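This one's a predicted model, so the numbers in the text were calculated from it and none came from an experiment.
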Amino acid sequence: MSTLRELWKFMRARKKYWLMPIVLILLLIGGLLVLAQGSAVAPFIYTLF
C-alpha cells in the first residue's frame with residue numbers, strides 16, 4: 001500500500017492525473033490474472049493477451 005500512496009503523492013505533486021486510468025487498468029488486469037490463475041476461466045483470459 002505504501003507504493004500506491006507514494007504514487008498518488010507523486011501524481012498530486014506533479015499534476016500527472018492522466019496516469020490514474022493507466023494505473024487502475026494495470027491493477028485490474030493484474031488482479032484478474034491472479035484471481036483466474038487456478039480456475040477454469042484461465043485459458044480464456046490468456047488468449048486475450
Side-chain angles (χ1 to χ4, degrees):
M1 288 305 279
S2 66
T3 305
L4 291 176
R5 196 172 318 136
E6 287 194 32
L7 180 63
W8 175 248
K9 287 180 184 178
F10 169 78
M11 287 190 295
R12 277 187 29 211
R14 304 282 194 290
K15 306 289 191 241
K16 304 276 186 194
Y17 295 114
W18 56 271
L19 288 172
M20 186 54 69
I22 297 169
V23 171
L24 288 175
I25 288 174
L26 287 174
L27 288 173
L28 286 173
I29 290 173
L32 180 65
L33 289 175
V34 167
L35 290 175
Q37 186 174 0
S39 71
V41 182
F44 301 108
I45 292 175
Y46 289 119
T47 59
L48 295 175
F49 303 103

Would you mind reporting whether W18 and M11 have side-chain heavy atoms less than 4.5 Å apart? no
Would a single hydrophobic cluster contain both L24 and F10, if residues Ile, Leu, Val, Met, Phe, Trp and Tyr are joined by side-chain heavy-atom contacts under 4.5 Å? yes
Would you mind reporting whether I22 and L26 have side-chain heavy atoms less than 4.5 Å apart? yes
Are L19 and L4 connected into the same hydrophobic cluster when the rule is that any two of I, L, V, M, F, W, Y join if their side-chain heavy atoms are below 4.5 Å apart? yes
